[in-house]
*Asks:* 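Questions regarding the structure given below will be posed in turn.
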Amino acid sequence: MSNPTESTTQPIATKRPYTHIAKAVVVGDAAVGKTSLLVRYVKGIFNPTYILTIGVAFHVKDIVVGENVLRLQIWDTGGQERFGPIRQLYYRGAKGVLLVYDRSNPDSFNRIEYWLKEVKRSCGDVPQVLVANKSDLAAKVKSEEARKTTEDNSMVFVETSAKDDVNVDFAFAELSRLILNRTV
Ligand code: G3D
Ligand code: MG
């Protein structure tokens, strides 16, 4: 495992040079698993101790979408979910949003409405994927209810487990696909 103080840019999974570049942000309440999803996606690991020590602003990963290669620069909140003024910098220039809740924690789902508003205010009408994380735990939020939220807001819905590595790649692939649909 690489040293956390080193660059978090991963060896590129494809040898093809990137054709597009975009910033994406991961939002949602504290402790829903935003950092875990990002670290699982970029580093392929689930390690809470490691997560606490990272403290970097963003990760970079190239993803192949059809004939294009998107270089996704994915920003993490750095645990500052509640500090509004800082968040405006965080959102600046974002072309896609991963909106995460913890499906074992209904409060985190009830706050989705709030996050949707903040994203709209800060980023406008950008593509979003609603992520129900912790699918390895018993669901206390009905998937149908979450799916309805996505239908109302033309988003994609994905259930993930950062812990068991379920659908994490898929969630980022869907976001990449939506971002490229807008830009190509
Ligand atoms: P955040 O970045 O949204 O604040 P973190 O969330 O990634 O720091 O994760 C918060 C807690 O949820 C961590 O546990 C982490 O291990 C756990 N977690 C993240 N994703 C999953 C998952 O898919 N399944 C389960 N079961 N747990 C998950 P701790 O105990 O360190 O607070
Ligand atoms: Mg975090």
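Just so you know, ligand 1 is whichever comes first in the structure, and atom 1 is the first atom listed for that ligand.
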*Asks:* Do Phe46 and ligand 1 have an N or O pair less than 3.5 Å apart?
*Replies:* no
*Asks:* So, is Asp76 polar-close to ligand 1, with some N/O to N/O distance under 3.5 Å?
*Replies:* no
*Asks:* Would you call Glu118-Arg121 a salt bridge at under 4.0 Å N-O?
*Replies:* yes
*Asks:* Show me which atoms of ligand 1 lie under 4.0 Å from any heavy atom of Lys34.
*Replies:* 1 (P), 2 (O), 3 (O), 4 (O), 6 (O), 7 (O)
*Asks:* Purely on distance, is any nitrogen or oxygen of Ser135 under 3.5 Å from one on ligand 1?
*Replies:* no
*Asks:* Applying a heavy-atom cut-off of 4.0 Å, say which part of Leu137 lies close to ligand 1: side chain, backbone, both or neither.
*Replies:* side chain
*Asks:* With a 4.5 Å heavy-atom cut-off, do Val60 and Arg71 have their side chains touching?
*Replies:* yes
*Asks:* Measure from atom 10 (C) of ligand 1 to every heavy atom in Ser108, Ala132, Ala31 and give the option owning the shortest one.
*Replies:* Ala31
*Asks:* Hey, is there an N, O or S on Ser36 sitting under 2.8 Å from the Mg ion (ligand 2)?
*Replies:* no
*Asks:* Looking at every non-hydrogen atom in both residues, tell me the closest pair between Val25 and Ala94 and how far apart they are.
*Replies:* CG1-CB, 4.0 Å
*Asks:* Using a strict 4.0 Å cut-off to heavy atoms of Ala30, name the atoms of ligand 1 that fall inside it.
*Replies:* 4 (O)
*Asks:* Is the closest side-chain donor-acceptor distance between Ser108 and Asp102 under 3.5 Å?
*Replies:* no
*Asks:* Shortest non-hydrogen contact from Lys23 to Tyr91?
*Replies:* NZ-C, 4.0 Å
*Asks:* Record the part of Asp136 in heavy-atom contact with ligand 1 below 4.0 Å; permitted values are side chain, backbone, both and neither.
*Replies:* side chain
*Asks:* Only pairs under 3.5 Å count here: list side-chain donor-acceptor contacts from residues 167-178, not counting sequence neighbours, and write none if there are none.
*Replies:*
| unit_1 | atom_1 | unit_2 | atom_2 | d |
| --- | --- | --- | --- | --- |
| Asn167 | ND2 | Glu159 | O | 2.9 |
| Glu174 | OE1 | Arg177 | NH2 | 2.8 |
| Glu174 | OE2 | Arg177 | NE | 3.0 |
| Ser176 | OG | Phe172 | O | 2.8 |

*Asks:* Using a 4.0 Å heavy-atom cut-off, which part of Asp164 comes near ligand 1: side chain, backbone, both, or neither?
*Replies:* neither
*Asks:* Looking at Ser36, which atoms of ligand 1 are within less than 4.0 Å of one of its heavy atoms?
*Replies:* 5 (P), 7 (O), 9 (O), 15 (C), 19 (C), 20 (N)
*Asks:* Does some side-chain heavy atom of Asn105 sit less than 4.5 Å from a side-chain heavy atom of Val32?
*Replies:* no
*Asks:* Tell me, do Ile179 and Leu72 make a side-chain contact under 4.5 Å, heavy atoms counted?
*Replies:* yes
